[in-house]
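Read through the structure below, which is laid out as structure tokens, and then see the notes.
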Protein chains: 2
Amino acid sequence: MDFVGHLTAHNIKPSLQRIKIYEYLHENRAHPTVETIYSDLVDEIPTLSKTTVYNTLKLFIDNGIASTVTIEDNEVRYDAIMDEHAHFKCDSCGNVYDIEMDISTIKFKKINSFKVETTNIYLKGKCNKCLTNKN
Amino acid sequence: MDFVGHLTAHNIKPSLQRIKIYEYLHENRAHPTVETIYSDLVDEIPTLSKTTVYNTLKLFIDNGIASTVTIEDNEVRYDAIMDEHAHFKCDSCGNVYDIEMDISTIKFKKINSFKVETTNIYLKGKCNKCLTNKN
DNA sequence: TTATAAATATGTAATGATTACAAACTTAGA
DNA sequence: TCTAAGTTTGTAATCATTACATATTTATAA
Ligand SMILES: [Mn+2]
Ligand SMILES: [Mn+2]
Ligand SMILES: [Zn+2]
Ligand SMILES: [Zn+2]
């Protein structure tokens, strides 16, 4: 994938930090937090600042190439996959998984004349692996 | 509604603070934050502490009579309505509305063998009122 | 190339929400 | 009434996020 081109196409000048943060987010599908992104990238970019991570993620969101995953009330995670999908968090291992779904299949009892712009679906429970490993 | 009975039935001793906080949450369907709950109730209970509001809400959640609404990554709201329903936040006026829905109608493309325990659906956009008032 | 301005990144300080904790108060039972 | 357990309170600590000033890099023009 052409990360530089993708950033440029969304009016984001491709600085080293921006490329690396975007690349990390796109490759790492675990929906990392700012802390995780920072601590994983600071090895590769020793001068990296946590403020830059915050600023860059905000820029990505404003320009439509990333979004937040607020499945827990005490941690903000980030996602570079913009195709519509739901999220599942295992309350045993803590992993957050992508769940494929077609949001248009959701049926509301009363459709108010509200104009819906974004939809987020968050599921919680026990993942496959944790169900199996349970002795 | 019998608030004292409801608390008691969920193993919560009905202190004055607990009754008032639960009553407020149940009557006020706007999904208030801790700050809102505290500042609205401190007039009636002058000795009320914000710590008590936090402790009490945690107790309600642990005992299954309240839940959090994390539709925004920078504010935690609370809800005493435990019947399954979705939430809609108007990004114009900021109100959070309840949306009736039957969660079982959601169709996932791949049903992993994950065990889903809770489902949260968050919508954002423009509410009825804001769409009409727009000149 | 060199000078200058704009854009970007950095480090530190400030803010704000939440939690930890110890002391004060209240309640229920002996 | 006495005592212990449960509850509430106020303050301090923690932690994530933002504000802001400075430093660095990049782009542009002379
Ligand atoms: Mn995702
Ligand atoms: Mn609700
Ligand atoms: Zn798991
Ligand atoms: Zn509105």
Whole-Å distance between [N] [atom2] and [X] [atom1]?
| X | N | atom1 | atom2 | answer |
| --- | --- | --- | --- | --- |
| B:Ile37 | C:dA17 | CD1 | P | 14 Å |
| B:Ile45 | D:dT9 | CD1 | C1' | 13 Å |
| B:Leu41 | D:dT8 | CG | P | 13 Å |
| B:Arg77 | C:dT18 | CZ | C1' | 18 Å |
| A:Asp73 | D:dC15 | CG | P | 17 Å |
| B:Ile19 | D:dT7 | CD1 | C1' | 13 Å |
| B:Leu59 | D:dG6 | CG | C1' | 12 Å |
| B:Lys50 | C:dT19 | NZ | P | 13 Å |

Output yes when at least one side-chain N/O atom of [X] is less than 4.0 Å from OP1 or OP2 of [N], else no.
| X | N | result |
| --- | --- | --- |
| B:Gln17 | C:dT26 | no |
| B:Ser15 | C:dT27 | no |
| A:Thr47 | C:dT10 | yes |
| B:Thr52 | D:dT9 | yes |

Using atom types as modelled and distance alone, determine if a side-chain donor or acceptor of A:Glu84 lies under 3.5 Å from a backbone N or O of A:Ile103.
yes
Looking for any heavy atom pair under 4.0 Å, which part of the strands does [X] touch: base, sugar-phosphate only, or nothing?
| X | result |
| --- | --- |
| A:Lys13 | sugar-phosphate |
| A:Thr51 | base |
| A:Asn74 | nothing |

By nearest atom, which of the nucleotides C:dA17, D:dT18, D:dT9 is closest to the B:Tyr54 side chain?
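Between C:dA17, D:dT18, D:dT9, the one nearest the side chain of B:Tyr54 would be C:dA17.
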Starting at OG1 of A:Thr56, measure out to OH of A:Tyr78 and round the result to the nearest 0.5 Å.
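Going from OG1 on A:Thr56 over to OH on A:Tyr78, the span is 11.0 Å.
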Nearest 0.5 Å please: distance from the OG1 atom of B:Thr47 over to the CG atom of B:Leu16.
8.0 Å
Would you check if the distance from the ring center of B:His87 to the ring center of B:Tyr97 is below 6.0 Å?
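For B:His87 and B:Tyr97, the ring centres are not under 6.0 Å apart.
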On the 0 to 90° scale, with breaks at 30° and 60°, tag the A:Phe60-A:Tyr22 ring pair as parallel, tilted or perpendicular.
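Plane angle over 60°, so perpendicular.
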